[in-house]
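This is a predicted model, so every value here is computed, not measured. Positions are given from 1 along the sequence.
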Amino acid sequence: MILYGALHILTLDALKMSLVLFPFGCLGLFAGMKCSSRVSERVVRRVTAVLLVLSGVSLILKNL
């Protein structure tokens with residue numbers, strides 16, 4: 001953490017944003033834990049693969 005501060009990666013704005021987004025991360029973790037018993041691993045893998053491909057295509061198209 002000290003190194004991040006020394007390299008000016010860890011700024012006050014970054015800390016503020018982390019504090020704002022922390023509750024949403026906890027909500028996502030809680031929702032994932034609740035859904036894990038209801039959704040099969042196969043479905044999760046397929047959805048993850050599709051989302052990764054879509055985000056990759058989106059990044060490629062933005063940078064053309």
Side-chain angles (χ1 to χ4, degrees):
M1 202 140 163
I2 294 171
L3 186 59
Y4 285 125
L7 294 174
H8 303 290
I9 297 171
L10 186 63
T11 63
L12 187 58
D13 288 335
L15 286 173
K16 287 179 188 177
M17 186 63 68
S18 296
L19 288 174
V20 168
L21 295 176
F22 182 75
F24 296 104
C26 290
L27 283 173
L29 178 65
F30 179 73
M33 289 170 44
K34 287 294 183 185
C35 290
S36 67
S37 62
R38 295 186 175 112
V39 180
S40 71
E41 182 179 346
R42 183 176 175 216
V43 171
V44 171
R45 286 179 183 260
R46 285 199 175 176
V47 168
T48 303
V50 168
L51 290 174
L52 283 171
V53 168
L54 289 176
S55 67
V57 169
S58 172
L59 286 171
I60 291 170
L61 292 177
K62 282 184 180 180
N63 289 310
L64 287 181

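Placement of Val53 and Leu61 within a single hydrophobic cluster is found when ILVMFWY residues are connected by side-chain heavy-atom separations under 4.5 Å, directly or transitively. No continuous path of ILVMFWY side-chain contacts below 4.5 Å connects Leu52 to Val44, so the two sit in separate hydrophobic clusters.
For the atom pair CG of Leu54 and CG of Leu59, the computed distance is 11.0 Å after rounding to the nearest 0.5 Å. Atom OG in Ser18 sits 10.5 Å away from atom CG in Asp13 (nearest 0.5 Å).
Hydrophobic cluster of Met33: the remaining members, joined at side-chain heavy-atom separations below 4.5 Å, are Leu29, listed by chain and number.
Under the side-chain contact (heavy atoms from CB on, under 4.5 Å) criterion, Val43 pairs with Val39, Ser40, Val47, not counting sequence neighbours.
Residue pairs meeting the side-chain hydrogen bond (donor to acceptor under 3.5 Å, both in side chains) criterion with at least one partner in residues 42-53, sequence neighbours excluded, are Glu41-Arg45.
Remark: side-chain polar atoms of Ser55 are paired, donor with acceptor, to backbone N or O of Leu51 under 3.5 angstrom.
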